[in-house]
Structure formats: structure tokens, C-alpha cells
Novice: 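This structure is in C-alpha cells; I'll ask about it shortly.
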Amino acid sequence: MRRTSTGPGRALVAVYGVLALSATARAVFQVATKLSQAPVAYLLSLFAALVYIVATVALATSRRRLAWAAVLTELTGVLVVGTVSLVARQEFPDATVWSAYGQGYGYVPLLLPFLGVLWLVRTGRGDAR
């Protein structure tokens, strides 16, 4: 098995890190200043930020089981929240990181877990050398 933080994995960890930082800053601000306006949306954003932090650390340190859990949680979250935010718009008076499949973040939240799964599968294979 290869380390998850080598080669293209470095770029993946960097993107996860940037998203973790961005999502955390936004969520902390929203929860601290206007939680009563959209509590579900803001708490989901905070949860997403925590998932991104865990995924970043897990991928950077090759903690494969933790990385799998974080990436699959992220994938489930972005698909479920993305769908619900489009079908039941009234439930999301303000956007979350995963609303509309991450539209506010250039759909990176939708693409990233697929890349994470692909990278975990690829690095999980035994080295043929």
C-alpha cells in the first residue's frame, strides 16, 4: 500500500485543507453571529467543515480507515443535502457547503469525495515491485 499523501495525494490533501479552512471559517462565523436565522443550514456547514478537517488529517497521515469514513461521510452528505436543498428549498433558507451539491464552492464538494475514493482505492493496492 502506498501512502495517501504522496504524489497526486499531496494535491488532494491541499484541496481538502483549503476546503476545510474555508468551510470552517464560514461555519464558525455563521454559527457565532446568526445561528437563529438558519440553524439547520449553519450546523450542517459546521458538520461539513469537521468532516473536511478529519479527511485532511486522515489523508495527510495515511490513516486509511479514518480517511474512508470521512470521504464516504462527505459523499453521503453532499448527495443527501444537495438533493434535499433542491427539493425542499424552504428547509435551507441559507446555503450550506453541500447545498445544491456544493454550487457555492464551484461544485468542488461534489467532485472531491469521488476523487478521494478513487485515490484511496488506487493507493490501497499492493505495490507490484
Novice: Check whether any side-chain heavy atom of V71 sits under 4.5 Å from a side-chain heavy atom of Y16, and report yes or no.
Specialist: yes
Novice: List the atom of W119, the atom of P8, and the distance in Å for their closest heavy-atom pair.
Specialist: CH2-CD, 3.6 Å
Novice: Quiz question: by atom type and distance under 3.5 Å, do the side chains of R64 and T123 form a donor-acceptor pair?
Specialist: yes
Novice: Show the numbers, then the answer: is there a side-chain contact (heavy atoms from CB on, under 4.5 Å) between V97 and F47?
Specialist: CA-CA 10 Å; V97 176; F47 175 73; over 6 Å; no
Novice: Is it true that a side-chain atom of S99 and a backbone atom of S85 form a donor plus acceptor pair closer than 3.5 Å?
Specialist: no
Novice: Would you name the heavy atoms of T24 and A49 that are closest together and state the gap between them?
Specialist: OG1-CB, 3.4 Å
Novice: Restricting to non-hydrogen atoms, name the atom on A41 and the atom on D94 that form the minimum distance, rounded to 0.1 Å.
Specialist: CB-O, 3.2 Å
Novice: Would you say that V28 contacts Y42 through its side chain, given a criterion of any heavy-atom pair below 4.5 Å between the two side chains?
Specialist: no
Novice: Which atom pair, heavy atoms only, marks the closest approach of T4 to A58?
Specialist: OG1-O, 4.1 Å
Novice: Side chains of V40 and E91, heavy atoms from C-beta outward: is any pair under 4.5 Å?
Specialist: no
Novice: For R3, does its backbone N or O pair with a side-chain atom of T6 as donor and acceptor, under 3.5 Å?
Specialist: yes
Novice: Are the side chain of T56 and the backbone of Y52 linked by a donor-acceptor contact shorter than 3.5 Å?
Specialist: yes
Novice: Indicate yes or no: at least one non-hydrogen side-chain atom of Q30 is less than 4.5 angstrom from one of S45.
Specialist: yes
Novice: Using atom types as modelled and distance alone, determine if a side-chain donor or acceptor of W98 lies under 3.5 Å from a backbone N or O of A48.
Specialist: no
Novice: Can you confirm whether L59 sits close enough to S5 that some side-chain heavy atom of one is under 4.5 Å from a side-chain heavy atom of the other?
Specialist: no
Novice: Would you name the heavy atoms of A23 and Y105 that are closest together and state the gap between them?
Specialist: CA-OH, 4.0 Å
Novice: Counting N and O atoms only, with roles assigned by atom type, does the side chain of T96 sit under 3.5 Å from a partner on the main chain of L44, one being a donor and the other an acceptor?
Specialist: no
Novice: Going through the checks in order, is the side-chain contact (heavy atoms from CB on, under 4.5 Å) test met by L66 and T61?
Specialist: CA-CA 10 Å; L66 185 58; T61 59; over 6 Å; no
